[in-house]
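The structure appears right after this line, and notes come after that.
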Amino acid sequence: MTDRTARRRPAKKTARKTAPAPALPVPEPGERVWMLDVPHRVSAPGAAWNKKLRCHVYVGHELPAVLVPFAAKPYSYQQWIEDDFNGTRGPSATSAPKTPRPEQLVAASAIATAARHGLRAMALFDDVGMGKTISAVLGAREVLDQRAGTSVLVIVDRPTAITVPSWRSTIAAVGDGGYRWLILSPDQLKKLIAANGRPKFSFDVVIADEAQNFRHDSQRTDYMRRITRMLAPPAKAPFLIAVTATPGHHPGEWRYMSSLFAQIHGEDPSEWDDLGARLARAGIPLARKFGTWQWSAEAVERVSLQAEAVSTVRNWLTEHEPPLMLHRNSPWGPPPIDGLGVELTLAEQEQYDLQWGEFRREMGLARTGSDTARGLAALLRFRQKAGMIRVPHTVDLAAAYAVRGYQVLVAAEMVSTAAEPIADALEARGIAVARIFGGRPDAEEERLRFQRGQAAVCVFTTTTAISLHANEQLSDGTRATATPRVGLFHQPRYSGIAARQTVGRAHRDYQVCPWFLLYSEGTIEEQAAATMVQRLLVTAASVDGDMSTLGAIAELFGAEWLPSDALG
């Protein structure tokens, strides 16, 4: 019997073919390469997808009208790369001009003075609504003038659908000075980091708007510190303009200023890299808890000790020559804030006491995540329950103010159990509502609906970087309505930073907006409200701010009152 099994010869190894690198477009003399932002499944006649550049590309002397809507926006990352590729500048943004106010010119001069003395940063901590954006733009231009610089990175807060157009419009309104500007959100900073972990570009000035976003250990904080070269000597680092009205809940959160603290103390920046540890060695009452620096146990018990510590660190900046921190209270006064407790009915209290799963079914809420209710999650569930039970109360109050001729802001923290049902209930009553929550791509359009009076109520969850005040000058030169605003905190927040920022959405630019803090009495919300008020006091104290309108609400919640003249 013949064995038909044949021994197989080992297969010959063949060299793997390497796909050729994608070709880059080569423009003819006088032509430009446009890198277009074409939405998915949208036709762009005449443009071609370039795999290497990862975008649609058009090459020619002029961009056809049909492709103009897809052109890179001024000061965007896409335009920055396009300009580098072509070796020529794309168009600047345009906007109705704005005349800087005297206080904005003073702030710009203070920034320029700090840079002229060789300092590496300036803290612009003016009150919310004082026009810090224009101050920072003017200050950046002066720094570039004196240092023969060319470029500015502006890091803005979210939602970018509102913040990026707002900054673009402001830069255009006061003039970009012919310099290169790049506007990015903290989540986009990774685009500026090369594969080796180093920054791809060198900027002469960095503006960190809402700088408190970089107070914690996070990837975006790490990227920001690399891009601003925090551990480099001052001469090799860009000049940093830190912009915020809420620097942090305690000095250990001022991480974006760590290298400046090192400079004014004559120490190496690495000594201050762990800011909390260095401050603790300096006698500031901080302790490491759960992986972060927080007030020590003694400071938690004695709020006056917190005030002393804040005053000490603040004075390092304000008593320096030249001063390295600028804070001015708003001339139109602090926002009036009052508390409005809601006493739950017996039926509402029974709803509040329900198990989370049963409450969710009764209220028609979808399951989310693991849907557990233990530990911190349980506290969150109780806040969600209290907020949703109170929706009819908030709707009644918002509708009453709208009928009386006000435009109403309703600030919420949760979407499905607060913002969405409030907006739905108001619209069911025939009241037009602008919705700025849930990551909507049309957030700027919604904001403008409210500002132009097309919506009587704005329900929002974002806390920073949007303007909802009366008489705002819009980018087209028109103004928002002069209708008085009133604000409702539907949900108390544990964060004093978020609370202070929220009230500044409409209480700004010489426009007064009173606020009411709503909460369910005898629930977790009342505890959250008390925490929020106490942290509002400390947050205001950190910049030696005006706390005169916080006295009554502080007494309401038993918060330890810190009059400004006791802060040193």
Side-chain angles (χ1 to χ4, degrees), residues 95-101 104 127-134 159 161-170 172-173 330-338 394-412 419 422-437 440 442-490 501-516:
S95 182
K98 291 183 178 179
T99 302
R101 300 194 300 264
Q104 293 169 324
D127 248 359
V128 175
M130 282 284 287
K132 294 188 290 296
T133 301
I134 288 179
I162 293 178
T163 56
V164 171
S166 175
W167 268 89
R168 184 188 301 125
S169 173
T170 299
S330 58
W332 55 97
I337 304 178
D338 202 357
T394 298
V395 169
D396 285 344
L397 189 58
Y401 272 110
V403 169
R404 288 166 55 188
Y406 287 88
Q407 282 188 263
V408 186
L409 290 77
V410 180
I422 290 171
D424 289 346
L426 285 167
E427 288 184 339
R429 295 191 182 192
I431 298 173
V433 178
R435 301 174 182 234
I436 306 179
F437 56 81
R440 297 175 63 104
D442 61 347
E444 177 63 1
E445 288 81 358
E446 289 291 289
R447 185 187 80 86
L448 291 176
R449 284 184 62 232
F450 180 77
Q451 290 298 79
R452 289 171 176 152
Q454 296 160 354
V457 179
C458 180
V459 180
F460 65 105
T461 54
T462 187
T463 60
T464 62
I466 63 171
S467 293
L468 299 169
H469 60 285
N471 290 311
E472 178 200 10
Q473 180 179 326
L474 305 176
S475 60
D476 61 1
T478 62
R479 289 192 174 273
T481 65
T483 306
R485 270 56 163 174
V486 64
L488 308 178
F489 266 105
H490 173 69
Q501 289 283 358
T502 298
V503 298
R505 297 313 94 216
H507 187 83
R508 58 192 298 116
D509 198 16
Y510 291 82
Q511 303 300 313
V512 175
C513 175
W515 280 83
F516 296 94

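Basis for what follows: all heavy atoms, side chains included, without hydrogens, waters or symmetry-related copies. Just so you know, residue 1 is the first one in the sequence shown, and it goes up from there. Predicted model, so just to flag it, every value in this text is computed and none were measured.
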When rounded to the nearest 0.5 Å, the distance separating CG of Leu409 from CD1 of Ile466 is 8.0 Å

query = Do Met130 and Pro331 come within less than 4.5 Å of each other through their side chains, counting heavy atoms only?
reply = yes

Let me check something: any side-chain donor-acceptor pairs from residues 399-408 under 3.5 Å, sequence neighbours excluded? List them with distances.
unit_1: Gln407; atom_1: OE1; unit_2: Thr481; atom_2: OG1; d: 2.4
unit_1: Gln407; atom_1: OE1; unit_2: Arg485; atom_2: NH1; d: 3.1
unit_1: Gln407; atom_1: NE2; unit_2: Phe450; atom_2: O; d: 2.6
unit_1: Gln407; atom_1: NE2; unit_2: Ala455; atom_2: O; d: 3.2

On a heavy-atom basis, the closest approach of Arg505 and Phe460 is CG-CE1, 4.0 Å

For residues 453-469, the salt bridge (Lys or Arg N to Asp or Glu O under 4.0 Å) pairs (sequence neighbours left out) are none

By ring-ring contact (aromatic ring centres under 6.0 Å, His included), Phe489 pairs with (sequence neighbours left out) Trp515

Does the side chain to side chain contact (heavy atoms under 4.5 Å, CB included) test come out yes or no for Arg435 and Ile422, once each step is laid out? CA-CA 10 Å; Arg435 301 174 182 234; Ile422 290 171; over 6 Å; no

Hits for side chain to side chain donor-acceptor pair (under 3.5 Å) against Arg168, two or more places apart or cross-chain, chain-then-number order -> none

Notebook entry, point to check: Within the side chain of Arg447, is there an N or O that forms a donor-acceptor pair under 3.5 Å with the backbone of Ser467?
Noted result: yes

Gly487 and Cys513 have their tightest heavy-atom pair at N-SG, 3.7 Å

Worksheet item: If we only count heavy atoms from C-beta on, is the His507 to Val128 side-chain gap below 4.5 Å?
Response: no

**Message:** I'd like to know if the side chain of Gln501 and the backbone of Ala465 have a donor-acceptor N/O pair within less than 3.5 Å.
**Reply:** no

Review point. Would you say Val512 and Pro336 make side-chain contact, with heavy atoms under 4.5 Å?
Key: yes

Residues 458-469 vs salt bridge (Lys or Arg N to Asp or Glu O under 4.0 Å), sequence neighbours excluded, gives none

Do side-chain atoms of Ser169 reach the backbone of Pro165 as a donor and acceptor pair under 3.5 angstrom?
-> no

Between the side chain of Arg449 and the main-chain N/O of Val433, is any donor-acceptor distance below 3.5 Å? yes

Side chain to side chain donor-acceptor pair (under 3.5 Å) filter on Asp338, not counting sequence neighbours, yields none

Heavy atoms of Glu444 and Ala161 approach each other most closely as CB-O, 3.4 Å

When every non-hydrogen atom of Arg452 is compared with those of Leu474, the smallest separation belongs to NE-CD1, 3.9 Å

Between Gln451 and His469 the two heavy atoms that sit nearest each other are NE2-O, 3.0 Å

Between Ile162 and Ile436, does a side chain to side chain contact (heavy atoms under 4.5 Å, CB included) hold up when you go through it step by step?
CA-CA 10 Å; Ile162 293 178; Ile436 306 179; 4.1 Å; yes

- Query: Can you tell me if Lys132 uses its side chain to pair, donor with acceptor, with the backbone of Asp127 under 3.5 Å?
  - Reply: yes

Item to complete: Output yes when a side-chain donor or acceptor of Gln104 lies under 3.5 Å from a complementary backbone atom of Arg101, and no otherwise.
Response: yes

Smallest heavy-atom separation, Thr394 atom then Leu488 atom, equals O-CD1, 4.3 Å

